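Counting begins at 1 with the first residue of the sequence. All figures in this text were calculated on a predicted structure; none of them were measured in a lab.
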Amino acid sequence: MKRIGLVIVLMSAFMVAQAQEAEGKKVQAGLVFGAGMNFQKMGTKYIASNGAGSDFTIGVNMNYAFNDNLGLNFGVEFDFETLKYKQGTQGLYYAYNDTEIIPFNDYNGSQEMFQLLERKQKPIYLTVPTMLLFRTKFIGYFRYFGKFGLRTSVLLGNKITDEGYNVSSATPLDLVENENMTAKGEMVFLKSAVGLSGGAEWNFVGSTCLVAELGYYYGFVPLYYGKDFDKRYMRTFNGENINNSARQSQLLFKVSILF
């Protein structure tokens, strides 16, 4: 977190140095904050989505104007997501050692076994938005815009909290939580989503603008490696080894301060 904060502060300081009047500016840049909801479309009957997840975004954005009405929006953002799943059509199990979930091709019978009922997953992504920017001229202190393009993300980290039964325990019917678990290599390292957004920009003082936007993004890259991947992290009640399978769509609300 300290490193992420330092990156944002340094980039913001550089961007503030580019300030000029908002009307007719070639470059605008500043901080962006966002919050939204994640929706997972499942690709397997054995695991089900457990309601909408959440997303918190912080970073820096830049607008580069080609002319008064057309430009490019890009930047660096950090997404802190929460994904929620539950057991699907039958029981799910995994093997683990301490806080590491073991692929079943590495299972040797000595690891503990856990029956999974619900999962809360918290991945962190570094996201680079690259979007075409279409906007009106200022009408008084306001102008309006739309964006279309990509949000491409690199996975930085991932923590898992599971609720279920520790099958290896002396009291296997006690409901327990496995916290801060990891499953190395389960999630796809790079994901991308195509989307559009719209909003308004308010030039409230000097060259400083407050921007609000709402966007929808559809992930065309899966979140997890598929059935052909050589590592399978879960086993069904009937003995089939599987991976999670899901694609994501997001509804994001963002607020930016641009200079």
Side-chain angles (χ1 to χ4, degrees), residues 4-39 55-81 124-156 190-221 248-259:
I4 291 173
L6 180 60
V7 169
I8 292 171
V9 169
L10 291 175
M11 294 187 70
S12 299
F14 169 76
M15 292 173 175
V16 170
Q18 311 300 314
Q20 61 185 66
E21 290 302 316
E23 185 79 48
K25 283 187 67 173
K26 199 77 172 176
V27 177
Q28 290 177 291
L31 293 172
V32 59
F33 304 91
M37 294 184 292
N38 300 324
F39 306 93
D55 184 285
F56 173 73
T57 299
I58 183 171
V60 290
N61 272 194
M62 179 180 290
N63 293 336
Y64 180 83
F66 301 127
N67 55 46
D68 288 342
N69 302 115
L70 180 64
L72 179 67
N73 170 254
F74 56 96
V76 176
E77 301 172 358
F78 295 93
D79 287 317
F80 302 86
E81 297 187 7
I124 300 174
Y125 289 97
L126 171 65
T127 298
V128 178
T130 50
M131 307 188 75
L132 284 175
L133 172 66
F134 308 90
R135 60 189 180 187
T136 67
K137 292 185 178 181
F138 274 100
I139 304 171
Y141 292 100
F142 291 88
R143 64 179 168 188
Y144 305 92
F145 64 87
K147 298 178 184 178
F148 175 78
L150 299 175
R151 298 184 83 240
T152 302
S153 304
V154 177
L155 182 67
L156 299 181
L190 186 74
K191 71 171 185 174
S192 192
V194 61
L196 53 86
S197 68
E201 179 180 344
W202 173 34
N203 183 199
F204 65 94
V205 59
S207 64
T208 305
C209 296
L210 180 66
V211 182
E213 65 177 282
L214 181 65
Y216 174 80
Y217 304 89
Y218 173 76
F220 56 87
V221 175
Q248 183 183 75
S249 58
Q250 294 178 304
L251 187 65
L252 297 179
F253 176 74
K254 293 183 179 181
V255 176
S256 306
I257 301 289
L258 300 179
F259 304 95

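Counting heavy atoms from C-beta outward, Leu252 and Asp55 have side chains that approach closer than 4.5 Å. Lys26 has its side chain within reach of Tyr64: a pair of non-hydrogen atoms, C-beta onward, lies under 4.5 Å apart. Proximity of Leu150 to Tyr217: side-chain heavy atoms (C-beta onward) are nowhere separated by under 4.5 Å. Contact annotation: the side chain of Arg135 approaches that of Asn63 to within less than 4.5 Å [non-hydrogen atoms, C-beta and beyond]. At least one side-chain heavy atom of Leu126 sits under 4.5 Å from a side-chain heavy atom of Phe78. Contact of the Leu133 side chain with the Leu70 side chain is not registered, since no non-hydrogen atoms from C-beta on lie closer than 4.5 Å.
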#### Entry: Candidate pair Asn61 and Glu77, rule side chain to side chain contact (heavy atoms under 4.5 Å, CB included), full reasoning
CA-CA 8 Å; Asn61 272 194; Glu77 301 172 358; 3.0 Å; yes
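By the ring pair (Phe, Tyr, Trp, His ring centres under 6.0 Å) test, Phe204 pairs with Trp202, sequence neighbours left out. For Thr127, the side-chain hydrogen bond (donor to acceptor under 3.5 Å, both in side chains) partners two or more places apart in sequence, or in a different chain, are Asp79, Ser153.
Taking both residues in full, the closest heavy atoms of Gly149 and Met131 are given as N-CE, 3.5 Å, listed atom of the first, atom of the second, then distance.
A donor-acceptor pair is defined here as one N or O able to donate and one able to accept, closer than 3.5 Å; such a pair exists between the side chain of Lys25 and the backbone of Phe259.
Using a cut-off of 4.0 Å between Lys/Arg side-chain N and Asp/Glu carboxylate O, Lys254 and Glu213 are scored as not salt-bridged.
With a 6.0 Å radius and a threshold of 12 heavy atoms from other residues, nucleotides or ligands, Tyr141 has its OH atom at or below the threshold.
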